[in-house]
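Here the structure is laid out as structure tokens; the discussion comes afterwards.
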There are 2 protein chains.
Amino acid sequence: MAVTIHEVARAARVSVSTVSRAFGSPEVVNAETRRRVLAAAERLRYRPNRAARGLITGRTGNIGVIVPDLENPFFHGVLKGVQSRAREADQWVFLADSGEDPTIEHELVMQLSKQVDGILLCSSRMRTAQLEQAAAERPLVFLNRKVPGSPSVLMDSAGGGRQIVAHLAGLGHRSFAYLSGPRTSWSNRERRRGLRTAAAREGLEIVELGPYVPRFEAGGEAADTALERGVTAIVAYNDLMALGVLARFAERGVGVPEDCSVSGFDDAPMSTMTTPSLTTVALPKAEAGRAAVDALLGLLDNGDGSERRNDLATRLVVRASTGAPRANRRARTPRKRARMTMSDPV
Amino acid sequence: MAVTIHEVARAARVSVSTVSRAFGSPEVVNAETRRRVLAAAERLRYRPNRAARGLITGRTGNIGVIVPDLENPFFHGVLKGVQSRAREADQWVFLADSGEDPTIEHELVMQLSKQVDGILLCSSRMRTAQLEQAAAERPLVFLNRKVPGSPSVLMDSAGGGRQIVAHLAGLGHRSFAYLSGPRTSWSNRERRRGLRTAAAREGLEIVELGPYVPRFEAGGEAADTALERGVTAIVAYNDLMALGVLARFAERGVGVPEDCSVSGFDDAPMSTMTTPSLTTVALPKAEAGRAAVDALLGLLDNGDGSERRNDLATRLVVRASTGAPRANRRARTPRKRARMTMSDPV
DNA sequence: GACCTGACTGAAAACCTTTGCAATCATCTC
DNA sequence: GAGATGATTGCAAAGGTTTTCAGTCAGGTC
């Protein structure tokens, strides 16, 4: 059923070697012969079997991508970039979802190794020592993770943090809360670092809360805590949490940004869809995906195993959720919740 | 570098055939021998080369998945389901994004064919005739698309539409607007069909607007148009559009659900994150993804090329964006926008 | 004791490519 | 005109696995 190189060879009245060369090293085969071969291939709709090719060349033409959670919006942009760059380079991508489980992640890496030329590990949940070992045995590139000796593409989260602080300071804020993400997260450490250095420089007070699991629901709780601490602005670890804050504030009647400014990190698609829309640090997700594929390809071609780091710039996107604080600050009482519920004491 | 079946054979002092059998047909090899082989394989960390295996068995153990747009939240849930079912069946998934372009989609199918056992086409943008032809040459399964002669998994969008109408009718609405999606979309036709039949039964008037490109921005425009038509409820083609409606209403000071109820289709993650949260028809995305993989596997194993259809139930999720209409309806004037802008006439 | 059976194992072919090596042939060089 | 050169092509091996076929050997049957 599937047409092979042999049938093309027969149709073009040449040997299989010539067919192979007509595709792989055109300069070495006679122009007229090549034309004949290509015509035959076209007519027969020949597509080389990449598995068979890989068997001998040692290159599969495939790359593996492992993400912790396919439903996390951050990875969609990354995947989009990976995908488009991979297509340009005529590579195919194997995708797998580790379900945030380091054990599964490791197992996936093992299983995938034989089938791909290299693997891109996004926001890996594995321990660094384990990653170093895994990277020693196969080409690995990391996204949003720093692993000694391995290429990685990182986003300048710290710079994003500094931009937020500058923005808040410019608006007249004197203090803000940071809703911390997972303690083991590299991104969280970086974001905190950026916020801290800028806060110190600008003379802002920073109230650290958390760590929280970086989800929408956690934003709600965190919002309550932050309000009690009397800050005029909240910076969340990511947009999901920031959206949670927004929702809770809307529910409690806390005005954003009049009563409290809110911002996040990611520039997730939904950040534009809320009212007010969310001020956030845009991460170059697609660009990072493309850069990661480039790094992987470089690693494969040049054997360039050096610890090439690729730091991508981030950019604060100011939307409607941040503004100047009210003049009378501290110990502000939020408006009462609009509707009463049956269980309210009379 | 990579350990092959030969090294395992040597280590276990057996032939490669025996090693192969120890894995593939355990019942035929002596228990003690098998133990030895497995131990050697374990020790050497042997993983079979699936490409080489595929060369001879004709099965690659891979399936291809093509989606129109990786950033469309609908596909994330689907992908998650595909992924998990594929892992269970020890299959790997090749992922590709057609960028909504039927030509690219077709090219992807062609290129991918040799590398996978079958392909899952999600919400294909190709013409039906083209799909039928493509399906004749390789195992194809469709998600959210009906193609004569091919297995497909569909979601009961029409049923979802009926549920919405029943819900609105129960709340006392007498009319609603439907913001139509792409005219060529199967889902759109189905949703409209469901809405229509239920509306006729319940005696509701239905105002059809559009078609719109089903994005957030389109929801904004559509919202304005719908308000002018004086409806008390809006049903959007999908959540993205519904969210656009919500945002525009918030901006214009139109109360949801007091002034107008809003609902969508998809139950996208962000539907819970807005205020008010969105009433919507939940589609069994992950379940559909799993079912699609099952259908594909069935097609491969049984050669079961019959037009097996898999219709999955949908379920209305009532949240805060729908409610009873005000008694005094028709020609309601929305509250003025809160803030004035510099360009406002004085 | 000759023969058969059944359980187990190994040799080798096959899958589809790429590529090193050798062969052919025409064209140059001196 | 002999030998060298260069362009073009084909043969065959190789890559890692599965599977067919044949072989070995122990135990049973008559």
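Chain naming here is simple, since letters A, B, ... match the order of the sequence lines and numbering starts at 1 in each.
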Map Ala31(B) and Leu55(B) onto DNA chain C by nearest heavy atom, then report which one ends up closer to the 5' terminus.
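First, find each residue's nearest nucleotide; the 5'-ward one identifies Ala31(B).
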Residues in side-chain contact (heavy atoms from CB on, under 4.5 Å) with [X], at least two apart?
X: Thr4(A); result: His6(A), Glu7(A)
X: Pro68(B); result: Phe75(B), Ser98(B), Glu100(B), Ser123(B), Arg125(B)
X: Ser15(B); result: Ser17(B), Thr18(B)

Partners passing salt bridge (Lys or Arg N to Asp or Glu O under 4.0 Å) against [X] (at least two apart in sequence or in another chain):
X: Arg13(B); result: none
X: Arg45(A); result: none
X: Arg85(B); result: Glu88(B), Asp294(B)

With five pairs defining each end axis, the helix from dG1(C)-dC30(D) to dC30(C)-dG1(D) comes out bent, to 10°, by 60°
Distance-only polar pair, side chains of Ser157(A) and Arg189(A), donor-acceptor under 3.5 Å
no
Could you tell me the separation between the [atom1] atom of [X] and the [atom2] atom of [N], rounded to a whole number of Å?
X: His6(B); N: dG10(C); atom1: NE2; atom2: C1'; result: 12 Å
X: Arg10(A); N: dC16(C); atom1: CZ; atom2: P; result: 13 Å
X: Arg13(B); N: dG10(C); atom1: CZ; atom2: C1'; result: 16 Å
X: Asn30(B); N: dG6(C); atom1: CG; atom2: C1'; result: 13 Å

Pairing residues for Glu287(B) by the side chain to side chain donor-acceptor pair (under 3.5 Å) criterion, not counting sequence neighbours
none
Protein proximity profile, nucleotides 18-24 of chain C - base contact B, sugar-phosphate-only contact S, no contact -, cut-off 4.0 Å on heavy atoms:
BBB----
Contact list for residues 61-78 of chain B, test salt bridge (charged side-chain N to carboxylate O under 4.0 Å, His left out), sequence neighbours left out:
Lys80(A)-Asp69(B)
Return each pair, listed once, that meets salt bridge (charged side-chain N to carboxylate O under 4.0 Å, His left out) where at least one residue sits in residues 105-118 of chain B; pairs must be two or more places apart or across chains.
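Those involving residues 105-118 of chain B are Arg47(A)-Glu107(B), Arg59(B)-Asp117(B).
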Along DNA chain D, 5' to 3', what are the outermost nucleotides having an atom less than 4.0 Å from a heavy atom of chain A?
dT8(D) to dG16(D)
Parallel, tilted or perpendicular: ring planes of Phe94(B) versus Phe94(A), cut at 30 and 60 degrees:
parallel
